[in-house]
Undergrad: 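What follows is a single structure, and I will ask about it in a moment.
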Amino acid sequence: MKDEYNRIKDLKDLISKSSKKYRDKILYKLEDREITYREMQDKVDSIGTALIQMGLKEKNVAIISENRYEWEIAYFSITCGTGIAVPIDKTLTEPEIKNILERTKAQAIFCSKEYEEVLIRIKEEIRELKYIISFDREENSDNVLTLNHVIEKGRNLINTGNKEFINANIDNNSVAAIMFTSGTTNKSKAVMLSHKNICSNVMNVALVFQISSKDIALSVLPLNHVLEGVFCLMLTIYRGATRTYCNDLKDIIEDINKKQISFMGAVPSVYDYIYKRIDEINKENINVFISAGASLDTELEKKYKRKGIKLIQAYGATETSPVISISNKETHKIGSVGRIIPNIEFKLINENQDGIGEIAVRGENVFLGYYKDSQATKAVLEDGWFYTGDLAKVDDAGYIFFCGRIKNMIVLPNGKKVFPEELENMINKIDGVKESLVYDKSIENSKTSIGAKIVCYDITQKEKIMQEIKNINQMLPKYKMISSVYITKDKILRTETGKIRRKEEKEKIIEHINKKEITKEISESVLEKIKSIIGNQLGINEKEIETEAHLVNDLGADSLDKVEIILQLEREFKIKNLKEEISKINTIKDIEQFLGTPPKNS
């Protein structure tokens with residue numbers, strides 16, 4: 001019997017077995033009421049029965065709202081016998097919502113009150129969209145049905161003998177959900193996940209990551225995101241846990257304490273926010289917190305550990321339903337995204353001398369393909385292997401360490417590779433820095449390498465931050481040095497789960513360049529390079545070299561020294577005409593001026 005309940009073949013099987021096993025246990029703990037597993041199953045059956053009667057069998061049905069239990073029962077009522085669920089990001093604009101509904105030819109959409117007017121306008125323009133079902137409306141209108149009406153309709157059908165939804169057979173290779181990845185309009189990819197994809201991942205994760213029916217899970221990330229809407233949602237129901245919701249991030253500490261939260265999945269920015277008030281948390285109830293969706297700073301990980309809270313990492317992708325690797329709270333290794341979950345294949349492609357390669361995986365969790373985009377599917381799927389575009393290395397014990405995205409990696413003219421995430425983590429540790437973006441300076445039509453946009457809390461701390469960038473540069477090899485900085489208070493554009501929108505950010509940086517609002521070079525960094533070259537040639541401590549110093553009269557350079565210094569400067573700064581001006585170059589300030597950098601006093 002135990003094995004029977006542990007194995008699930010589709011989402012219908014998942015909620016059916018959990019509702020029988022945990023029948024009267026609380027599934028949803030809300031502000032004003034509690035809903036049991038049995039009550040959830042009854043609502044799903046009623047809604048699904050009504051949807052089929054409304055002509056939505058095998059159709060695409062969308063959902064858009066804030067996190068709430070109605071979102072989840074709507075999802076299961078679609079996937080467990082009706083059709084295919086299309087979760088939509090609640091932060092999208094009206095044209096973007098319309099685009100997704102058009103692309104997927106959705107015939108119905110569940111929503112909260114906030115989206116009713118937008119969807120009524122969209123419905124007038126999209127012929128395929130037949131129904132808008134509101135979670136909040138109390139009475140039907142010409143354009144909007146109430147969820148309560150749909151539930152009542154389905155319940156009456158069941159009472160008169162309609163078992164079409166309840167007895168529906170699910171092909172576990174069929175599409176359960178179309179999940180849109182980060183991005184907007186036509187640029188976002190629509191990932192088709194099957195029942196087998198999702199259920200195999202839930203079962204495999206549960207073998208190595210233990211939560212139980214005693215856990216109370218806080219839903220923080222939006223349910224349209226695969227981390228919350230697939231991993232956390234399915235795992236908690238599979239294990240018979242209780243679910244509750246964080247309606248506002250500013251209340252998350254109060255939610256953790258008041259609701260006795262023991263489990264939560266979130267992105268690093270959420271844990272960074274929580275840490276500012278971590279001493280207010282009642283740690284006694286906490287089992288484990290999971291971080292995924294972006295790189296977690298190892299220092300933050302260590303801080304949580306010192307505070308007695310187990311914060312561990314997982315790694316995955318929408319295309320892998322989602323988990324590829326996960327840490328175990330008992331054997332976690334700081335900085336690692338854990339080990340590969342059971343029953344999937346894993347390899348690194350094109351490993352470099354440091355053991356860093358692209359992650360590829362194969363298994364039942366790998367998606368069916370991108371919706372109506374065979375070209376994009378072929379680009380990442382080959383012989384069942386999904387090529388993630390993510391770079392990582394693996395230690396001797398099998399722990400995976402995430403290094404960055406291939407598409408974010410900066411390849412310099414000399415072939416050297418720089419991972420922006422590595423430098424961003426260093427910059428973000430500077431006091432006064434809120435966040436940062438490292439970019440390829442080729443967008444500035446510059447042959448030099450690395451630039452950074454730095455968002456600070458207090459713009460008056462600019463000089464202090466610049467000094468810290470100098471300090472960071474001293475620890476880096478030359479090819480990684482940051483040579484251009486734009487310090488601002490304007491926040492960096494991110495997805496709802498905290499990933500940097502790098503393309504849009506680069507477009508903004510180009511605008512600043514055109515307006516001459518960007519610091520073209522870090523003058524101090526250039527000055528240090530000049531002093532280093534001179535000091536090495538003349539055998540002088542570069543820290544003792546003054547900007548106004550005369551190469552011959554003050555530093556004792558002879559004509560051959562000057563020639564050698566000029567040649568080294570040409571190689572370092574990739575210029576060819578400096579030696580032609582040798583007679584005019586007498587001080588370090590002269591060199592700075594010829595390099596096109598405003599002179600600075602040392």
Side-chain angles (χ1 to χ4, degrees), residues 89 91-93 95-96 180-189 221-222 225 267-270 272-273 293-297 317-318 389-391 402-412 417-430 432-459 461-462 465-466 468-469 472-473 476 480-522:
D89 182 348
T91 66
L92 295 184
T93 63
E96 291 165 346
F180 281 82
T181 60
S182 298
T184 57
T185 62
N186 290 320
K187 295 179 182 178
S188 56
K189 292 176 180 174
L221 294 182
H225 189 273
V267 291
S269 58
V270 172
D272 190 50
Y273 178 84
S295 295
L296 179 67
D297 183 6
T318 305
D390 292 329
L391 295 165
F402 182 80
C403 297
R405 294 280 291 160
I406 289 177
K407 68 178 182 180
N408 297 341
M409 183 175 65
I410 298 170
V411 182
L412 303 176
K417 297 177 177 65
V418 177
F419 300 111
E421 296 90 344
E422 175 192 3
L423 297 181
E424 287 160 3
N425 284 337
M426 297 175 77
I427 295 170
N428 293 344
K429 291 175 184 176
I430 297 173
V433 170
K434 186 176 183 181
E435 55 184 348
S436 64
L437 166 74
V438 168
Y439 61 91
D440 180 354
K441 282 192 64 188
S442 63
I443 67 172
E444 297 181 27
N445 296 316
S446 169
K447 291 183 179 179
T448 50
S449 50
I450 308 301
K453 172 181 175 178
I454 299 176
V455 180
C456 62
Y457 291 101
D458 182 358
I459 204 71
Q461 298 296 306
K462 180 176 179 179
I465 292 170
M466 292 286 277
E468 291 298 324
I469 295 296
I472 287 174
N473 278 342
L476 296 171
K480 287 186 180 181
M481 286 184 177
I482 301 160
S483 58
S484 175
V485 168
Y486 170 46
I487 296 180
T488 179
K489 290 191 75 174
D490 295 335
K491 67 181 181 180
I492 289 171
L493 297 174
R494 294 179 180 271
T495 66
E496 193 169 13
T497 53
K499 292 180 181 176
I500 296 175
R501 293 187 180 273
R502 293 184 186 271
K503 184 176 182 294
E504 293 94 326
E505 272 298 326
K506 288 180 181 179
E507 291 171 354
K508 285 175 62 179
I509 290 168
I510 291 171
E511 288 180 19
H512 291 304
I513 293 165
N514 293 336
K515 294 177 183 178
K516 301 185 188 242
E517 294 175 354
I518 195 163
T519 304
K520 196 62 182 170
E521 296 288 342
I522 300 178

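Both backbone and side-chain heavy atoms feed into the values below; hydrogens, waters and symmetry mates do not. All values derive from a computational prediction rather than experimental measurement.
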Undergrad: Do Leu437 and Ile509 touch side chain to side chain, with heavy atoms closer than 4.5 Å?
TA: yes
Undergrad: Would you say Ile427 and Glu424 make side-chain contact, with heavy atoms under 4.5 Å?
TA: no
Undergrad: For the residue pair Ile450 and Lys480, establish whether any side-chain heavy-atom pair is separated by less than 4.5 Å.
TA: no
Undergrad: Roughly how far, to the nearest 0.5 Å, is the NZ atom of Lys407 from the CG atom of Asp390?
TA: 9.0 Å
Undergrad: Is any side-chain heavy atom of Lys189 less than 4.5 Å from a side-chain heavy atom of Thr318?
TA: no
Undergrad: Do Asp297 and Asp272 come within less than 4.5 Å of each other through their side chains, counting heavy atoms only?
TA: no
Undergrad: List the atom of Asn473, the atom of Ile482, and the distance in Å for their closest heavy-atom pair.
TA: OD1-N, 2.8 Å
Undergrad: Taking all non-hydrogen atoms of both residues into account, name the closest pair between Tyr439 and Lys506 and its distance.
TA: CB-CE, 4.2 Å
Undergrad: To the nearest 0.5 angstrom, please state how far the OG atom of Ser436 sits from the NZ atom of Lys453.
TA: 10.5 Å
Undergrad: To the nearest 0.5 angstrom, please state how far the CG atom of Asn408 sits from the SG atom of Cys403.
TA: 13.0 Å
Undergrad: Would you say Val438 and Glu422 make side-chain contact, with heavy atoms under 4.5 Å?
TA: no
Undergrad: Would a 4.5 Å heavy-atom cut-off, applied to side chains only, mark Ile472 and Ile430 as touching?
TA: yes
Undergrad: I'd like to know if Lys508 pairs up with Glu505 as an ion pair, taking the criterion as any Lys NZ or Arg NE/NH1/NH2 lying under 4.0 Å from an Asp or Glu carboxylate oxygen.
TA: yes
Undergrad: Measure from the side-chain N and O atoms of Glu435 to the backbone N and O of Val455, and report whether any donor-acceptor pair falls under 3.5 Å.
TA: no
Undergrad: Roughly how far, to the nearest 0.5 Å, is the CD atom of Gln461 from the CD1 atom of Ile487?
TA: 10.5 Å
